Amino acid sequence: MELLNGNLELKEIQQLQGHTDRVWSLAWNPATASADVPAVFASCSGDKTVRIWEQSLSTRSWDCKAVLEETHTRTVRSCAWSPSGKLLAIASFDSTTAIWENVGGDFECVSTLEGHENEVKSVSWNASGSLLATCGRDKTVWIWEVMPGNEFECIQVLQGHTQDVKMVQWHPTMDILFSCSYDNTVKVWWSEDADGDWSCVQTLGETSNGHSSTVWSLAFNAKGDKLVTSSDDLTLKIWEADIIRMQSGDGYAPWNHLCTLSGYHDRTIFSVHWSREGIIASGAADDVVRLFVESKEGSVCNYVSLSFTVHIST
C-alpha cells in the first residue's frame, strides 16, 4: 500500500469548542460532503446536548449550526444518522433514545423510544434505514422497525449478553447485527427471513480466539468482509467471513479470527474505526491514536502500524 512507503502527516485544522462536558461520540452525516453539499457531523456530550457542525464550502472552516437540547436529562452517549441523513438517533443515559428530523436545516424531535431499564449506550441504523438497534446497561439489545409518520415499533428484545452491552453495529450491507459487551464477547444476531425472529448465531469469545476482557468497539472495512474489534485486554482483533455466501442467500457464514494486534496500546482501547481507504484507527486511554494498514507482504494477515507526523496548531 502506498501509505507504507510515504510520509504520512496529520494536521490539526481547527478546534471546535462549545460542549461544556466530555464529548462521547461523533457521527458523520452520510448524505453530505459532496461537491455542492457541505460536510456535516454531530457530536454528543455529557452536557446532555448534541451539536451539529457544518463545514463552509468557501472557507473550509467548521461552525456549529444547531444545538439539540432539553430532550435528555443525563449524558448523551451515542448518536447516529440514518442512511438518508434526514434522521438523527440519540442514545442517552436517561434510558431513552430520541429521534430528531432535519427539516430544511431545522431540527425537531419527532419521537422518543422508551423501554431500556437504564443507560442506553449505543444506537445504530441498518443499511436501508428500516431498522434501528439500541443497547444498554440492562444487558439487552433492542431492534426497532421504522414505521410511517416517524413511528418506531420494537420488534424484538435480544437477550444473551451477561453484562452491560457497550455497542451495537449493523453490517454495512446486510441485516446482520453485532453487539459487544462487558462480558468479553461479540455476539452476532441473524434472522433467516425478513419476518422471522432474530437469534444469536455466533459468539466471538475467548474460546474462539476472542478477547479476554471487555469489548468496547467494533468496525467493518468498506467491503464488509472483515471486522475489527477493540478491547480492555489492550488488543485489536481482525475477523473475516464469507459475505458472498451470505449475500447469495446460502445461509449464515461464520466469522473467523485472522490475527491479533497487540503491543501498541498500554491502556484500554475504547474506540476503533475502519476507513473507506483501508486505514484502521484505534483510540485508547493511553491518550494515543494509532493507524494501521494491511501489508501484503509476509503472513496472510499482516497489519502494520503507520508512523506519522502530527501538526497541532497553537
Side-chain angles (χ1 to χ4, degrees), residues 77-78 80-83 87 89 91 95-97 99 111-148 150-205 207-208 210-211 215-220 224-227 229 239-256:
R77 178 63 178 86
S78 174
W81 296 93
S82 64
L87 299 176
S95 79
T96 69
T97 300
I99 309 297
S111 187
T112 300
L113 313 185
E114 299 178 340
H116 283 284
E117 294 178 4
N118 37 45
E119 292 100 323
V120 185
K121 297 295 184 73
S122 178
V123 61
S124 177
W125 300 86
N126 71 339
S128 66
S130 61
L131 297 173
L132 183 73
T134 58
C135 68
R137 187 180 175 186
D138 59 9
K139 309 174 189 176
T140 66
V141 174
W142 291 51
I143 298 179
W144 308 80
E145 184 176 4
V146 183
M147 310 296 286
N150 288 326
E151 296 291 331
F152 289 75
E153 178 184 351
C154 177
I155 58 174
Q156 197 167 343
V157 177
L158 307 178
Q159 297 178 323
H161 285 292
T162 59
Q163 298 290 337
D164 185 346
V165 186
K166 299 296 186 183
M167 183 180 185
V168 283
Q169 184 69 50
W170 290 95
H171 186 273
T173 63
M174 298 179 289
D175 284 345
I176 307 174
L177 182 62
F178 294 72
S179 58
C180 52
S181 169
Y182 192 74
D183 65 12
N184 309 346
T185 70
V186 175
K187 287 188 178 291
V188 187
W189 308 89
W190 161 279
S191 177
E192 288 290 346
D193 55 77
D195 299 321
D197 289 335
W198 294 78
S199 61
C200 179
V201 291
Q202 188 177 5
T203 298
L204 309 180
T207 57
S208 55
H211 294 286
V215 187
W216 278 94
S217 180
L218 61 90
F220 294 92
D225 64 337
K226 289 187 176 69
L227 166 73
T229 55
W239 310 79
E240 185 178 42
D242 184 357
I243 63 166
I244 295 178
R245 169 182 158 183
M246 289 186 278
Q247 290 171 338
S248 67
D250 193 23
Y252 177 76
W255 292 80
N256 299 304

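Note that the coordinates shown come from a computational prediction; the quantities given were computed from them, not determined experimentally.
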**Study point:** Heavy atoms of other groups near E117 CD, more than 12 under 6.0 Å
**Key:** no

Point to revise | Residues that M147 engages under side chain to side chain contact (heavy atoms under 4.5 Å, CB included), provided they are two or more places apart | key: E145, E151, E153

Check your understanding: Do you know the tightest heavy-atom contact between S124 and A80?
Key -> CA-CB, 4.5 Å

Check your understanding: Run the side-chain contact (heavy atoms from CB on, under 4.5 Å) check on L177 and L158 step by step: do they pass?
Key -> CA-CA 11 Å; L177 182 62; L158 307 178; 4.2 Å; yes

Practice item. Return the minimal non-hydrogen interatomic distance between P83 and A127, and the atom names on each side. Key: CG-O, 3.3 Å

Review point. Would the number of heavy atoms belonging to other residues, nucleotides or ligands and lying under 6.0 Å from CZ of F220 be above 12?
Key: yes

Exercise for review: Report yes if the side chains of L113 and L132 come closer than 4.5 Å at any heavy-atom pair, otherwise no.
Suggested key: yes

Practice item. Run through K139, R137, R77 and flag the one making a salt bridge (Lys or Arg N to Asp or Glu O under 4.0 Å) with E119. Key: R137

Exercise for review: Nearest 0.5 Å please: distance from the CE atom of M246 over to the CG atom of D175.
Suggested key: 12.5 Å

Practice item. Mind jotting down which residue pairs meet the salt bridge (Lys or Arg N to Asp or Glu O under 4.0 Å) criterion with at least one end in residues 157-169? Sequence neighbours excluded, please. Key: K121-D164, D164-K166

Check your understanding: Can you name the nearest heavy-atom pair linking V168 to A133, along with the distance?
Key -> CG2-O, 3.7 Å

**Study point:** Nearest-0.5 Å distance, NE2 of residue H211 to OG1 of residue T229
**Key:** 2.5 Å

Review point. What's the spacing between N126 CG and L131 CG if we round to 0.5 Å?
Key: 4.5 Å

Check your understanding: Which atoms form the tightest heavy-atom contact between F152 and V146, and what is the distance?
Key -> CE2-CG2, 3.5 Å

Review point. At their closest point, which heavy atom of C154 faces which heavy atom of W144, and how far apart are they?
Key: N-CE3, 3.6 Å

Just list the side-chain donor-acceptor pairs under 3.5 Å for residues 249-256, sequence neighbours left out, or say none.
residue	atom	partner	partner atom	Å
Y252	OH	Q202	OE1	2.5

Check your understanding: Taking all non-hydrogen atoms of both residues, which atom of G205 and which atom of T185 are closest, and how far apart?
Key -> CA-CG2, 4.2 Å

